[in-house]
Novice: 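Starting off with a structure, shown below.
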Number of protein chains: 2
Amino acid sequence: MNVKTLCLGILTFGDATGYEIKKAFQDKLSQMYDAGYSSIYPALNQLTKEGFVSCRQEAQNKRPDKKVYSITTEGRLFFIEELKKKPAEDKFRSEALTTLMFAHLLPARTTSDLIDSLIASYEQYIQDLSTDCDMKQSHSEKFLCGMGITIRKAAITYMQENRHLIEADALLSQQAAE
Amino acid sequence: MNVKTLCLGILTFGDATGYEIKKAFQDKLSQMYDAGYSSIYPALNQLTKEGFVSCRQEAQNKRPDKKVYSITTEGRLFFIEELKKKPAEDKFRSEALTTLMFAHLLPARTTSDLIDSLIASYEQYIQDLSTDCDMKQSHSEKFLCGMGITIRKAAITYMQENRHLIEADALLSQQAAE
DNA sequence: TACGATATATATCGAACCGAAATATTACGA
DNA sequence: TCGTAATATTTCGGTTCGATATATATCGTA
């Protein structure tokens, strides 16, 4: 599973331009998989060469030509085969939480501020997602959306209940330094 | 924040070889940030050129020379400056959950099996982490470890309580097709 | 004892992916 | 009117990933 394959997957919902595919990544999948233009447009060119999508060019008045992509029968078959393959392990990367491993090198205040702003950004995320989530039509989308909210709520509660572990360390090492 | 910077960070805990740095990524940071040899070794070469680490070569009997890296004063200062920068947004990527967006293209059984094996892999992860977590010395490590466990537990509960949303859809579209 | 698996140790290739910028126009709100 | 957001595509450079190659020691087990 990669960006190329997922472009194909998004086209199973209907024809779309590269720009619209990028929006679909954000609307439908951003919780679980994101992709940028610099991955999507080259992917569409490759898929066209391979015969998995077809492309019709629509001229627009005073805008760049719109290229509308459709999935072909071969593309559909290929995508379903890819779906059946064992998915890769989930990946999570957080620079903010990584920073906490080096709390001993920073002033105690910085550590606390970092946790505060991490909690704040998660709360913001939950708020944005909650309004989105109600508007979703399909059950799958609601499921994924709710998953994103649940995970972040659990993370916030955990941070609030356990931040003292890290903050105590930071204070101690600061006192030792003084 | 990137692999290069984090190699520097790991060296603040003490001298290490590339191989040992890889292990430190797994032991200390795997929850939050992972890196492979193909990122670490070139990073160490660059850091050496830039004067942020020094390298002493230790000959070993019948094994390749061991290159032990130490962080320099400039390296330490540079790392602390990097730590102060605003961290990038957290990133999460799950091919398994992404697959669920295309449940309508797969037989209903496959969807259920997918959720089952996702729950199983999270449970395995929690078990592995729990034993690790008790052995951790520093509070920061315990904090991050606990975070990983908490998030996955929340995800499992959510999936168990809401999987029917997706599974009902899959059954319906299958009946419609028959 | 022989065999396979695991651990130590480094290097590198190609592919995938990301972030940012360039380009050009319309539409909308302050 | 001025700036910002939306529509739409392309591309550059840098980062990262996955896989493979090389070489040896050690440990368990059949």
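Letters A, B, ... mirror the listed sequences (proteins, then strands); counts begin at 1.
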Novice: Would you indicate what A:Lys22 reaches in the nucleic acid, counting non-hydrogen atoms under 4.0 angstrom: base, sugar-phosphate, or nothing?
Specialist: nothing
Novice: Taking only distance into account, with no hydrogens and no angle test, what donor-acceptor pairs under 3.5 Å do side-chain atoms of residues 112-119 of chain A form with protein atoms, sequence neighbours excluded?
Specialist:
| from | atom 1 | to | atom 2 | distance (Å) |
| --- | --- | --- | --- | --- |
| A:Ser112 | OG | A:Glu167 | OE2 | 2.7 |
| A:Asp113 | OD1 | A:Arg109 | NE | 3.4 |
| A:Asp113 | OD2 | A:Arg109 | NH2 | 3.4 |
| A:Asp116 | OD1 | A:Arg163 | NH1 | 3.0 |
| A:Asp116 | OD1 | A:Arg163 | NH2 | 3.0 |
| A:Ser117 | OG | A:Asp113 | O | 3.2 |
| A:Ser117 | OG | A:Leu114 | O | 3.1 |

Novice: Using a heavy-atom cut-off of under 4.0 Å over every strand shown, decide if A:Lys4 touches base, sugar-phosphate, or nothing.
Specialist: nothing
Novice: Please compare B:Val68 and B:Arg93 by the position of their nearest nucleotide in DNA chain C and report the one closer to 5'.
Specialist: B:Val68
Novice: Report the distance from atom CD1 of B:Ile21 to atom C1' of C:dT8, rounded to the nearest whole Å.
Specialist: 15 Å
Novice: Please report the interatomic distance CZ(B:Phe143) to SG(B:Cys133), rounded to the nearest 0.5 Å.
Specialist: 11.5 Å
Novice: Between B:Gly51 and B:Thr72, what is the shortest heavy-atom contact and its length?
Specialist: O-OG1, 2.8 Å
Novice: How many whole angstroms separate atom OH of A:Tyr69 from atom P of D:dA8?
Specialist: 13 Å
Novice: What is the nucleic acid contact for B:Asn45, judged by heavy atoms within less than 4.0 Å: base, sugar-phosphate only, or nothing?
Specialist: nothing
Novice: Just call it for B:Ser38: base, sugar-phosphate, or nothing, with non-hydrogen atoms closer than 4.0 Å on any strand.
Specialist: base
Novice: Tell me the interatomic distance from B:Tyr19, atom OH, to C:dT10, atom C1', rounded to whole angstroms.
Specialist: 11 Å
Novice: With B:Lys153, which residues qualify under salt bridge (Lys or Arg N to Asp or Glu O under 4.0 Å), at least two apart?
Specialist: none
Novice: Does the side chain of B:Lys91 get closer than 4.0 angstrom to OP1 or OP2 of C:dC18 through an N or O atom?
Specialist: no
Novice: Just how far, in rounded Å, is P of C:dG19 from CD of A:Glu95?
Specialist: 10 Å
